[in-house]
Amino acid sequence: LKDAPVSELHDLLCKKLQQCSIVFDFLDCVADLKGKEIKRAALNELVECVATNRGILIEPLYPEIIKMISVNIFRILPPSENPEFDPEEDEPNLEPSWPHLQLVYEFFLRFLESPDFQPSVAKRYIDQKFVLMLLELFDSEDPREREYLKTILHRVYGKFLGLRAYIRKQCNNIFLRFIYETEHFNGVAELLEILGSIINGFALPLKAEHKQFLVRVLIPLHSVKSLSIFHAQLAYCVVQFLEKDATLTEHVIRGLLKYWPKTCTQKEVMLLGEIEEILDVIEPSQFVKIQEPLFKQVARCIASPHFQVAERALYFWNNEYILSLVEDNCHGAPYHLRHALPRLQGALE
Amino acid sequence: PQKKKKQKLPKSPAPHFAMPPIHEDNLEKI
């Protein structure tokens, strides 16, 4: 490609794309080694070509590009052999065709990020159906694949204004199915990372749809067994929401208290960490509304027989801002609030 | 002496995985 004269470049590009639309069987690792190497080299050329050349992304190439990408990435994901697969403990099954797949994803990313990329042309091919299949790939067990998908979907969301509502809706469906039906989806953390950047960019005042997402999806997500895998991303999304609209604080805190884990101390420690992140950015006016139910729970945690839970709850007292919030509300507090804080004293004793 | 009160964090620190924000109103030139 790099030696071809400009006049022949587009034809050659087309041929290379068609050549790379042949999918190889990597489960049989000795089959077709020559063919696999030819495709790998061709993919490398395509990545280089799109990354370095300007003015080559002419309209007729778009369908060929999307076809090659689709043929390679859209596939039925292998069922997880071990139904008891514990993402925390077990090593994930890596994608055998990664030597090709990685280059296809790399090419797709360079294509999206090319200065010549035109969403107005691409939207004929990157449509709702395409995006839905892309989202289904997030269930891949291969973390390398999910990392590429995350960056790609982030770019697609950014560049295709017309697809944004659809993408949010489909993410909603994936999360709801994950919470209430399957409790199995490998890409929850990656999707939450994208959503963190979307929430961060929300215009004010927040649309009702977005608040519904917080209430109906983000808060119930705390109840899922595999919370530890995506809790950091989930907590970040929640805090982003509160920084956008502090009036949601009471709803979030009461939601977390409603889903407070009763039998899983690891989750309790995570939620205490999230509570502290929220308290770090809380408005004093919001703190007053939630301090009583919140500190009832904190008092229970202090008295927890599990030392890590008790320790994490006591750690709140290492946070000067929380201390100042509590102090401000001790003295002039109305009668019933003064009863909330002494309960802490009992727990501390 | 009046203890200098720690103010609430102006903005939560972005974790390592934070991605560039995508503004709702306009097309992102990423």
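All chains are named by letter (A, B, ...) in the order of the sequence lines, taking the proteins before the strands, and each is independently numbered beginning at 1. The structure displayed is predicted, hence computed values, not measured ones.
- Residue-environment remark: CZ (A:Arg216) stays at or below the threshold of 12 foreign heavy atoms within 6.0 Å.
- Between B:Pro15 and A:Gln233 the shortest side-chain heavy-atom distance does not fall below 4.5 Å.
- Checked by atom type and distance alone, the side chain of B:His23 never pairs as donor or acceptor with a backbone atom of A:Asn200 at under 3.5 Å.
- Residue A:Val239 touches chain B through its side chain alone, counting heavy-atom pairs closer than 4.5 Å.
- For chain B, the nearby part of A:Lys207 is the side chain; its heavy atoms alone come within less than 4.5 Å.
- Rounded to the nearest 0.5 Å, atoms CD1 (A:Ile194) and CZ (B:Phe17) are 12.5 Å apart.
- Looking at A:Phe202, the atoms closer than 4.5 Å to chain B (heavy atoms on both sides) sit in the backbone and in the side chain alike.
- Only the backbone of A:Ile282 comes within less than 4.5 Å of a heavy atom in chain B; its side chain stays farther off.
- Counting only distance, with no hydrogens or angles, the side chain of B:Glu24 and the backbone of A:Ala203 share a donor-acceptor pair below 3.5 Å.
- Looking at A:Glu243, the atoms closer than 4.5 Å to chain B (heavy atoms on both sides) all sit in the side chain, from C-beta outward.
- For a residue to count as touching a neighbouring chain, one of its non-hydrogen atoms must lie under 4.5 Å from one of that chain's; by this rule A:Glu277 does not touch chain B.
- A:Gly201 approaches B:Pro21 most closely through the heavy-atom pair N-CB, 4.3 Å.
- For A:Lys211, the NZ atom counts as densely surrounded, since its 6.0 Å shell holds more than 12 non-hydrogen atoms of other residues, nucleotides or ligands.
- The two residues B:Met19 and A:Ser197 come nearest to each other via the heavy atoms O-CB, 3.6 Å.
- Of the atoms belonging to A:Ala189, not a single heavy atom falls under 4.5 Å from chain B.
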